[in-house]
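Each remark here refers to the structure printed beneath this line.
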Amino acid sequence: MTLIKPFSPADKLAVLSIWREASAYAHPFLTAEATDQAEAMIRDHFLDLAETYMAEVAGTPVGFISLIQNEVGGLFLRPAFHGRGIGHALMDQAVALKGHLELDVFVENAIGRRFYNRYGFAAGEERMNSFFGHPEIRMHYGEQ
């Protein structure tokens, strides 16, 4: 059974571990330097700004979703837990709280794009991510 709970500061190391593992799986095109810099920004800034929810299975953190207002800043699951409805449960939590959502997903992230499309997100404009230097797609869900 999956438990969705609010993030607490004690979850920070779990979030970073999940992010690192999931990002390596879904974003193999990112450089190690960019990944290290992104992890530092998540650790030092974004987690303090975001509304984050953790997914736990049998008491073990396996995923999280971070929101900044109606923006999904990140949805990450340990790859071993893909396909179990956990990402869907985290997104349901976000939709229940926020209604309409927006997010950016790398064009090269086929895993993420497939999930968001199945969930019901609509693709919007494509642009270059200035930090990572890779194209991304803006996606929208629900009423705006």
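Basis for what follows: all heavy atoms, side chains included, without hydrogens, waters or symmetry-related copies.
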TODO: Tell me, with the steps shown, if Asp104 and Arg127 meet side chain to side chain contact (heavy atoms under 4.5 Å, CB included).
DONE: CA-CA 9 Å; Asp104 296 313; Arg127 61 184 175 220; 2.8 Å; yes

Open item on the list: Are Phe64 and Leu13 connected into the same hydrophobic cluster when the rule is that any two of I, L, V, M, F, W, Y join if their side-chain heavy atoms are below 4.5 Å apart?
Closed with: no

Task: Shared hydrophobic cluster, Leu103 / Trp19 (ILVMFWY, side-chain heavy atoms < 4.5 Å) - done: no

Open item on the list: Testing the basics here: between Ala94 and Leu101, what is the closest heavy-atom pair and its distance to 0.1 Å?
Closed with: CB-CD1, 3.9 Å

Open item on the list: Can you list everything that forms a side chain to side chain donor-acceptor pair (under 3.5 Å) with Tyr119? Sequence neighbours excluded, please.
Closed with: Asp92

Open item on the list: Nearest 0.5 angstrom please: Ile42 CD1 to Leu49 CG, how far?
Closed with: 12.0 Å

TODO: For the residue pair Met54 and Val15, establish whether any side-chain heavy-atom pair is separated by less than 4.5 Å.
DONE: yes

- [ ] Please check if atom OH in Tyr25 has more than 12 non-hydrogen atoms from other residues, nucleotides or ligands closer than 6.0 Å.
- [x] no

TODO: For Glu33, enumerate each residue passing the side chain to side chain contact (heavy atoms under 4.5 Å, CB included) test, keeping only those at least two apart in sequence or located in another chain.
DONE: Thr31, Gln37

Task: Aromatic ring pairing His27/Phe76, orientation class (parallel under 30°, perpendicular over 60°, tilted between) - done: perpendicular

Open item on the list: Let's go through Phe121 and Val105 carefully: what are the C-alpha distance in whole Å and the side-chain angles of both, what is the deciding distance for side chain to side chain contact (heavy atoms under 4.5 Å, CB included) to 0.1 Å, and is it a yes or a no?
Closed with: CA-CA 11 Å; Phe121 279 81; Val105 61; over 6 Å; no

TODO: If a pair satisfies ring-ring contact (aromatic ring centres under 6.0 Å, His included) and one of its residues is in residues 38-63, list it, with sequence neighbours excluded.
DONE: none

Open item on the list: Run the side chain to side chain donor-acceptor pair (under 3.5 Å) test against Lys12 and tell me which residues pass, sequence neighbours left out.
Closed with: none

TODO: Quick one: list whatever passes salt bridge (Lys or Arg N to Asp or Glu O under 4.0 Å) with Glu108, sequence neighbours left out.
DONE: none

TODO: Evaluate the side chain to side chain contact (heavy atoms under 4.5 Å, CB included) criterion for residues Tyr141 and Met91: first the C-alpha distance (whole Å), next the side-chain angles of each, then the deciding distance (0.1 Å), finally the verdict.
DONE: CA-CA 11 Å; Tyr141 180 86; Met91 193 60 73; over 6 Å; no

Open item on the list: Do Thr2 and Arg84 have side chains that approach each other closer than 4.5 Å (heavy atoms only, starting at C-beta)?
Closed with: no

TODO: Please list, chain by chain and in numerical order, all residues satisfying side chain to side chain donor-acceptor pair (under 3.5 Å) with Glu71, sequence neighbours excluded.
DONE: Arg138

TODO: Kindly compute the distance separating CD (Glu125) from CD (Glu136), expressed to the nearest 0.5 Å.
DONE: 9.5 Å

Task: His100 versus Gly142, closest heavy-atom pair with distance - done: CB-C, 3.9 Å

Open item on the list: Holding to side chain to side chain contact (heavy atoms under 4.5 Å, CB included), I want the full list of residues that pass it with Ala89, two or more places apart in sequence or in another chain.
Closed with: Ile4

Task: CZ on Phe7 to CD1 on Ile65, rounded to 0.5 Å - done: 14.5 Å

- [ ] Nearest 0.5 Å please: distance from the CG atom of Leu3 over to the OG1 atom of Thr60.
- [x] 11.5 Å

Open item on the list: Can you list everything that forms a salt bridge (Lys or Arg N to Asp or Glu O under 4.0 Å) with Arg20? Sequence neighbours excluded, please.
Closed with: Asp36, Glu39

Open item on the list: Let me confirm one number: the OH-NE2 distance from Tyr116 to His140, rounded to the nearest 0.5 Å.
Closed with: 14.0 Å

TODO: Applying side chain to side chain contact (heavy atoms under 4.5 Å, CB included), name anything that partners Leu77, two or more places apart in sequence or on another chain.
DONE: His82, Ile86, Leu90

TODO: Check side chain to side chain contact (heavy atoms under 4.5 Å, CB included) between Ala123 and all other residues, then give those that pass, not counting sequence neighbours.
DONE: Ile137, Met139

Open item on the list: Between Leu75 and Leu30, is there shared hydrophobic-cluster membership here, with clusters defined by ILVMFWY side-chain heavy atoms closer than 4.5 Å?
Closed with: no

Open item on the list: Within the 4.5 Å heavy-atom criterion, are Val72 and Lys98 side-chain neighbours or not?
Closed with: no

Task: Shared hydrophobic cluster, Phe132 / Met41 (ILVMFWY, side-chain heavy atoms < 4.5 Å) - done: yes

Open item on the list: So which atom in Ser66 and which in Ala50 form the shortest heavy-atom distance, rounded to 0.1 Å?
Closed with: CB-CB, 3.9 Å

Open item on the list: Suppose we screen for side chain to side chain donor-acceptor pair (under 3.5 Å). Which residues come up paired with Arg113, at least two apart in sequence or across chains?
Closed with: none

Open item on the list: Using a 4.5 Å cut-off between side-chain heavy atoms of Ile, Leu, Val, Met, Phe, Trp and Tyr, which other residues end up in the same hydrophobic cluster as Met128?
Closed with: none

Task: Atom pair CD (Glu56) and CG (Asp11), whose distance is rounded to the nearest 0.5 Å - done: 6.5 Å

